[in-house]
Every structure is written in C-alpha cells, then in structure tokens.
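The block underneath contains the structure these notes are about, expressed in structure tokens.
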There are 2 protein chains.
Amino acid sequence: MTSVRTEAAYAMLARTLRGAILQGRYADGARLPTEAELATEYRVSRQTVRRAFHDLVSEGMVRRVPGRGTFAAPRGGQYLRQFGSVEDLMGLSLDTKLEVITPLRRQVDIDAASRLRLDSDVVYRIVFRRLHNDVAFCLTTVYLPPDIGMVLAELPALSTPGALSEVTVIGMIDTHTGSSVAEAEQSITAVAASDPVALSLDGRPGDPLLRVDRSYVDTAGRLVELATSYFLPEHYSYRVKLRRGPA
Amino acid sequence: MTSVRTEAAYAMLARTLRGAILQGRYADGARLPTEAELATEYRVSRQTVRRAFHDLVSEGMVRRVPGRGTFAAPRGGQYLRQFGSVEDLMGLSLDTKLEVITPLRRQVDIDAASRLRLDSDVVYRIVFRRLHNDVAFCLTTVYLPPDIGMVLAELPALSTPGALSEVTVIGMIDTHTGSSVAEAEQSITAVAASDPVALSLDGRPGDPLLRVDRSYVDTAGRLVELATSYFLPEHYSYRVKLRRGPA
DNA sequence: CGTTATTTGTGCGTATGTATT
DNA sequence: AAATACATACGCACAAATAAC
C-alpha cells in the first residue's frame, strides 16, 4: 500500500519559501529572513532551515552571501523556472493556472497524426493559455493520440471552454491513463507573433516570441503528447542549469 | 583581498569520490562504501560524508537507496537529471568557427563587473560571431574577470580582429588557466534584432532572435564567464532532452 | 511470516570559523 | 571593535527502507 509519507520538515519549509518567492513576495532580490528567524517562526532547528536553503540554492531560487543574508533570485517581473527534468514541467501546476481556449476534442489532422506516428488520422487537440498571477504568459496547442485523448476529454478541466484549473496535461496522463510520461524532448526557437497568437497573449503581431515544441514519451517508449507553446519573453524566460557529467 | 580559503572537508571528499567515479572505479553502477566506512576511512563525521554525497546526488553522479547503499551513476547517463551538458557547449568548436569582431581587451564596465561579482570595475570583453559552413548564426559578447581575461588576451585567436579559429572560450579557460568550468546556467528569451546585431548576422532589424545568457562557474564555485549570444532562428534551434528522475 | 542487521534519511544540539556591516 | 549572518563540522537519536535469516 502506498501510505503517504509525511513531508519532511525541510522539504515543507523549502516548498513554502519557494512558493512565497514565486508569488512575488521578496520581489526582485529582496532579503529573506535569517536562518535564526525562520527557525523560530517555523519551530524547527537552524539546521533544518539550512537544509531547506541548500535545496533552494541548488534550484537557483536564492543566493546566499555570508555575513549579509539570503536573497531571492532577481526576476525582472518575469516568470522564471528551471526546466531540467520532467518533474519541473509537472511542477508548472504549482503556481500557474491553465485556461482552456479550445476544449479537448476529437479531430482529423493528418499532419499531427503522422507526427504522433499514428496509423489513423484522428487525433485529440486542445488549445489553452497558462497564467501566472492572472497574467497570460503562454499559449499552447496540444495533440494527443485517440486512446489517451478520449479519456482526458471526459475531464471538465480540459473539456470546458474557459475552464481554469491548476493541472498539467502530463499530470493528467499520469493519473488518468495507464501511461506515465518518462521523457520529453524540446526544441526552442524564436518567431514573430502571428495575429491570433498575439491576440491570445495580449501582445502585438510581429512581437518576438519563444516557440517551444515538446514531444513526450511514456515509459514504454510511446509518443503520448505533442505540444507547441508560444511564450511572451517579457513574462517568461527559459532557464537551464548545465553540468559537466560523468565522462 | 582574495585569500585562498582552504577547501572544506566535505568538498574535498566530494572531489575525491567524483574523481574516482569519473575514472571508472565503481564502474557500471557499483556500490560505493557506506557512510560509516567513508567516515572512518577519511577521519570525518558521518554528517560530513552525507554533505559530500548530497552534492554528488545533485550533480547526478550517484544514486542513493535507503537500506541498500550508494551507487555510481551508470556511464550512459541513464539516471542523469540534466541532459544538456557543459560538454555540449564545448562541442560547439567541433564544427563551427569563431570570428573575432572586437578583440579581447581590458575595459571598465561597472555593470558587467558587478554581475561577475568583482570588487573592482575592470573586466575583459570580447565580441565574436560563430560561423557554420561560413554562415554566421550567432553573435556573442563575453565578459571575463581580470585574472582570466589577462591570460586569454595573450592568445592570438581571441586578440586579433577578424581572426578565425575553432575554439570555445570555456575550452581556453580550461586549458590556459587554473580554472575548470564545471557548471553553466543559461537563460533563454526571444528579442527583436537591434540594428548592430542584425548587421553582424546578415538579418534585418526587428527580426526575432533567440537571446541566450550564460554564466559559467568553475569547480571552485567561482563565476568565471558571462556570455550573451544572439542566434538566428533560421540557422539554430536549441534542443534539450528532459527525463524523469528515479522515483 | 516476523526478526534482525544494515544502510540511508530526518532532525536537533553545539561549537567554531569567516564574511559583512 | 562588536554584532550579525552564513559556513563548516561533529555529535546523537530515531525513523524508514531493504535484505537476509
């Protein structure tokens, strides 16, 4: 049985602080409370606070300076997130909302079907925006194979025009179908905003946008989702941490 | 004054273990000694061993399983969290050429100096293009701290206007200075081409470009390079593969 | 099947050092 | 010089997962 492990104190504190930073408290490089203050406030030891901060440092959420304090990583009003893993993508639902533009439904699209490597030409398609603090920063079109689309089309969060929810499509695939997303490949380029995209994102046609194409593969190696997103650079920047790996 | 801090015990242990893994001891996911064993062997507390392991886990070098032990990450990088790598960046020199626009030289720049977290306001700066098959696809400005810039400024490949060579700046840092780049953080957005950038890239002002900001950190945790690059989306797109970590 | 030994995970306490103000 | 704040290091106790018996 999968009994729910109680979240570790340091993990909970890290989550709390992460949320506070992402929601814009400690805006733009402000100083966070000291270790001692947080220890008192949350009734934990200073070591536990340090453990939480250690995680936040490695995520790039805060910067620490001996003798001065701990500072939120400056984000010039942008939505900034680290996407180094599939977990990071699923974490999108933590502090953003999904707003349905065109609900998930069955459709004939030869091109999308062939990109999903399907035999038939039937796919499911949904268009939605993602909001952070009620500001739209991204417009996404998702294509799903019929068996998965059919299941997810039952969910009100994806099938109701205008619906607002805190979910991710890959999260839904994980919980509502037999598939589990294991891997994603993304390709990122810059494009000029087309008229309809500009309209949905409250920008102007011709504005530079980030275009991100992702394909998701489940544990069995099957392509389970294709997504194309357009991001407003004023409200979003993509961030990755690269490391030198085992040779 | 930059007095040389003696390396922390946990950092030294982490470096030792990292080296052992990279050299293929513990090959093929072999089990490492337990915390208690390492603590005895290196005459440190178990907590210090844990601190070292914590770093190695976040680097993806090892995988830990409660009740079983600590295992070296398989060489294929199967369980690696980060899929872009510093090696990918160094690989740029394999099939592209660097063409110097403004040679590397000393300069006063308060803003760049503070972003490099320097005490003084002196930095070294170079501007270059990168060519693939004699087509320019990227324009880059690099800032270096004085001690590193001073050394690299001696190299003709970076100090001669118009010079063409097959090198990368981080490669030069690796081979010509005491530092070794271990980590890079990048942030990617889209911008409209300014007049001078458009000119260098044979594009038109206003064209959408990918803007990539990178900061490079060496093995000692020091910021050793800041780079800003503009890419033509027609000739370049950024790709990453994301995986789900071992649950 | 439970019991036990091993091994990592969590949490706290203390002491000392170093950087900054 | 003193106070503040983060960094390192060690110690201990107990919990949770695993494997072997």
Side-chain angles (χ1 to χ4, degrees), chain A residues 1-17 26 29-73, chain B residues 1-17 26 29-58 60-73 79 114 117-120 217 219-223 245-247:
Chain A
M1 213 33 193
T2 42
S3 65
V4 181
R5 267 257 281 101
T6 52
E7 188 177 22
Y10 75 86
M12 186 166 140
L13 178 54
R15 193 165 46 77
T16 302
L17 294 171
Y26 312 116
R31 217 192 95 169
L32 274 71
T34 67
E35 294 179 354
E37 285 164 355
L38 289 169
T40 307
E41 184 179 347
Y42 290 91
R43 313 300 203 87
V44 295
S45 79
R46 199 190 134 204
Q47 303 313 315
T48 302
V49 177
R50 286 185 60 72
R51 178 78 168 75
F53 270 142
H54 198 272
D55 287 1
L56 294 177
V57 167
S58 77
E59 290 168 24
M61 294 290 305
V62 303
R63 197 167 68 90
R64 315 198 74 190
V65 185
R68 297 218 299 138
T70 303
F71 304 86
Chain B
M1 203 31 80
T2 41
S3 64
V4 183
R5 271 259 277 92
T6 53
E7 191 179 21
Y10 76 85
M12 187 166 141
L13 177 55
R15 194 164 46 75
T16 303
L17 294 172
Y26 312 117
R31 216 191 95 168
L32 274 70
T34 68
E35 295 179 352
E37 285 164 356
L38 289 169
T40 308
E41 182 179 349
Y42 290 91
R43 313 297 205 87
V44 294
S45 78
R46 192 190 144 204
Q47 303 313 315
T48 301
V49 177
R50 285 187 61 73
R51 179 76 170 77
F53 271 141
H54 197 272
D55 287 2
L56 295 177
V57 167
S58 79
M61 294 291 307
V62 302
R63 198 168 60 95
R64 313 200 74 193
V65 184
R68 297 221 294 138
T70 303
F71 305 84
Y79 290 97
S114 85
R117 294 179 208 140
L118 299 174
D119 294 332
S120 78
V217 178
T219 46
R222 188 167 81 112
L223 241 171

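Reminder, nothing fancy here: chain letters follow the sequence lines and each chain counts from 1.
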Response to the item:
Here the distance between atom P of C:dT16 and atom CZ of A:R46, to the nearest Å, is 14 Å
Worksheet item: Base, sugar-phosphate, or nothing: which does B:Y10 touch, judged by heavy atoms less than 4.0 Å apart?
Response: sugar-phosphate
Worksheet item: Contact class for B:R51 (heavy atom, under 4.0 Å): base, sugar-phosphate, or nothing?
Response: sugar-phosphate
Worksheet item: Expressed in angstrom and rounded to an integer, what is the separation of B:F53 atom CZ from C:dT8 atom C1'?
Response: 10 Å
Worksheet, complete the sentence: side chain to side chain contact (heavy atoms under 4.5 Å, CB included) test vs B:Y10 passes for just one of B:Q47, B:R51, B:R15, B:R50, namely B:R51
Worksheet item: With a 4.0 Å cut-off on heavy atoms, is A:R63 in touch with a base, just the backbone sugar-phosphate, or nothing at all?
Response: nothing
Item to complete: Would you please confirm or rule out a distance under 4.0 Å between OP1 or OP2 of D:dA19 and any side-chain N or O of B:R68?
Response: yes
Worksheet item: The side chain of B:Q47 lies closest to which of these nucleotides: D:dT8, C:dA19, D:dC10?
Response: D:dC10
Worksheet item: Taking only N and O in the side chain of A:R64, is any of them less than 4.0 Å away from OP1 or OP2 of D:dA7?
Response: yes
Discussion item. I need the NE2-C1' distance between B:H54 and C:dT10, as an integer number of Å.
Written reply: 11 Å
Practice prompt. Could you tell me the separation between the CE atom of A:M12 and the P atom of C:dG9, rounded to a whole number of Å?
Written response: 22 Å
Worksheet item: Has B:T48 got a side-chain N or O lying under 4.0 Å from the OP1 or OP2 atom of D:dC10?
Response: yes
Fill in: Full working for side-chain contact (heavy atoms from CB on, under 4.5 Å) between A:Y42 and A:T16
CA-CA 11 Å; A:Y42 290 91; A:T16 302; 3.6 Å; yes
Discussion item. Once rounded to the nearest 0.5 Å, what's the spacing between atom OG1 of B:T70 and atom CZ of B:R31?
Written reply: 7.5 Å
Practice prompt. To the nearest Å, give me how far apart CG (A:L38) and P (D:dA5) are.
Written response: 11 Å
Fill in: Watson-Crick or G-U counterpart of C:dT21, or none if no pair lies under 3.5 Å
D:dA2
Worksheet entry | Short side-chain N/O contact to D:dT4 OP1/OP2 from A:T34, under 4.0 Å | no
Worksheet item: Between D:dT18 atom P and B:F71 atom CZ, what is the distance in whole Å?
Response: 11 Å
Discussion item. With a 4.0 Å cutoff (strictly under), does any side-chain N or O of B:R50 reach OP1 or OP2 of C:dG9?
Written reply: yes
Discussion item. From C-beta outward on A:V44, which listed nucleotide comes closest to its side chain: C:dC12, D:dA9, C:dT8?
Written reply: C:dC12
Discussion item. Reading DNA chain C from 5' onward, which residue's closest nucleotide shows up sooner: A:P66 or A:R43?
Written reply: A:R43
Discussion item. Please compare B:E35 and A:S45 by the position of their nearest nucleotide in DNA chain C and report the one closer to 5'.
Written reply: B:E35
Worksheet item: Which distance, rounded to the nearest 0.5 Å, do you find between the CD of B:E7 and the CE of B:M12?
Response: 7.0 Å
Discussion item. Strictly below 4.0 Å: does A:R31 bring a side-chain N or O up to OP1 or OP2 of D:dA5?
Written reply: yes
Discussion item. What is the separation between atom CD on A:E7 and atom C1' on C:dG9, rounded to the nearest whole Å?
Written reply: 14 Å
Discussion item. Once rounded to the nearest 0.5 Å, what's the spacing between atom CD of B:E41 and atom OG1 of B:T34?
Written reply: 10.0 Å
Practice prompt. In sequence, state the C-alpha distance, the side-chain angles, and the governing distance for A:L17 and A:V62, and then conclude on side-chain contact (heavy atoms from CB on, under 4.5 Å).
Written response: CA-CA 10 Å; A:L17 294 171; A:V62 303; over 6 Å; no
